Amino acid sequence: MVLTNVWAMHRDPTLWEDPELFKPERFEKEGEAEKPMPFGMGRRACPGAVLAQRLVSLVLATLVQCFEWERVGEELVDMTEDKGATLPKLVPLRTMCKSRPIVGKLI
Ligand code: HEM
């Protein structure tokens, strides 16, 4: 069995500028969006990748469209990672959300 260290590849400073920083705009550059491998590669790559990408976009867009989000305190969200295969946050995210008026028209 061959295991690749995708965690390290996604943080390789020879491949990424400021690899530790959250910079989603990096993927606006041509070719950058093809570099990450969240679903593996080859014959055993995730068969649910297309469904997952559609769902993640849909769920995230729905949460932004339907709710107003605020931090509980003044401090910025702590993005430090805990250990584990699914990259959990070390400090759980606590937020307040309020449904937007549009939600009343949908339900
Ligand atoms: C954001 C969501 C998801 C992520 C990040 C993800 C990621 C992965 C990764 C990294 C693998 C291992 C690939 C490898 O061995 O190289 C995998 C395998 C697999 N995934 Fe996903 N996956 C996601 C969602 C889904 C969904 C929605 C389904 C099904 C509807 C699914 C079904 C599977 C199956 C069946 C395998 C095993 C494939 C095999 O071993 O041949 N995954 N996934």
Side-chain angles (χ1 to χ4, degrees):
M1 183 176 3
V2 178
L3 292 174
T4 51
N5 188 346
V6 178
W7 186 94
M9 290 158 77
H10 284 172
R11 286 160 182 77
D12 186 342
T14 64
L15 296 174
W16 305 96
E17 195 185 303
D18 302 324
E20 298 288 336
L21 291 188
F22 177 67
K23 282 171 65 177
E25 66 275 16
R26 69 173 85 238
F27 298 111
E28 289 169 2
K29 206 166 126 195
E30 178 109 25
E32 291 300 282
E34 282 74 48
K35 276 164 58 177
M37 298 194 298
F39 300 102
M41 284 193 85
R43 293 171 64 182
R44 301 304 295 265
C46 177
V50 173
L51 176 65
Q53 280 172 315
R54 295 275 191 283
L55 280 179
V56 169
S57 309
L58 181 65
V59 169
L60 187 60
T62 305
L63 289 173
V64 172
Q65 184 186 36
C66 295
F67 298 93
E68 282 174 38
W69 295 90
E70 277 182 39
R71 298 190 302 252
V72 173
E74 285 304 304
E75 61 279 3
L76 294 177
V77 174
D78 188 337
M79 297 294 286
T80 312
E81 293 166 11
D82 202 354
K83 297 186 199 75
T86 56
L87 295 183
K89 284 166 58 51
L90 184 63
V91 181
L93 178 65
R94 292 180 62 221
T95 59
M96 292 184 293
C97 71
K98 191 169 82 179
S99 59
R100 295 184 192 273
I102 185 177
V103 177
K105 292 181 190 156
L106 295 175
I107 299 173

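Predicted model, so just to flag it, every value in this text is computed and none were measured. Residues take their numbers from the sequence shown, with the count starting at 1. Remember, it's 1-based here, ligands and their atoms both numbered in the order they're listed.
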With a 3.5 Å cut-off and sequence neighbours excluded, list the donor-acceptor pairs that the side chains of residues 74-85 form with protein atoms.
| from | atom 1 | to | atom 2 | distance (Å) |
| --- | --- | --- | --- | --- |
| D78 | OD1 | T80 | N | 2.9 |
| D78 | OD1 | T80 | OG1 | 2.5 |
| E81 | OE1 | R11 | NH2 | 3.4 |
| E81 | OE2 | R11 | NH2 | 2.8 |

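- For a distance threshold of 2.8 Å, the protein N, O or S atoms nearer than that to atom 21 (Fe) of ligand 1, listed by chain and number, are C46 SG.
- Listed by number with element, the atoms of ligand 1 under 4.0 Å from a non-hydrogen atom of P38 are 5 (C), 7 (C), 10 (C).
- A pairwise comparison of heavy atoms in P19 and P13 identifies CG-CA, 4.0 Å as the closest pair.
- Taking only nitrogen or oxygen atoms, main chain and side chain alike, R44 reaches within less than 3.5 Å of ligand 1.
- Atoms CZ and CE, from R71 and M96 in turn, are 10.0 Å apart once rounded to the nearest 0.5 Å.
- Distance NZ/K23 to CG/D18: 4.0 Å, rounded to 0.5 Å.
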Donor-acceptor pairs are to be reported for all side-chain atoms of residues 58-69 against protein atoms at under 3.5 Å, with residues two or more places apart or in another chain.
| from | atom 1 | to | atom 2 | distance (Å) |
| --- | --- | --- | --- | --- |
| T62 | OG1 | L58 | O | 2.6 |
| W69 | NE1 | L63 | O | 3.0 |

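- Atoms of ligand 1 lying under 4.0 Å from any heavy atom of L51, numbered from 1 in the order shown and given with element: 30 (C).
- Within 6.0 Å of CD on E70 lie no more than 12 heavy atoms contributed by other residues, nucleotides or ligands.
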For residues 33-53, dump all side-chain donor-acceptor pairs below 3.5 Å to protein atoms at least two apart in sequence or in another chain.
| from | atom 1 | to | atom 2 | distance (Å) |
| --- | --- | --- | --- | --- |
| K35 | NZ | L15 | O | 2.5 |
| K35 | NZ | E32 | OE1 | 3.1 |
| K35 | NZ | E32 | OE2 | 3.4 |

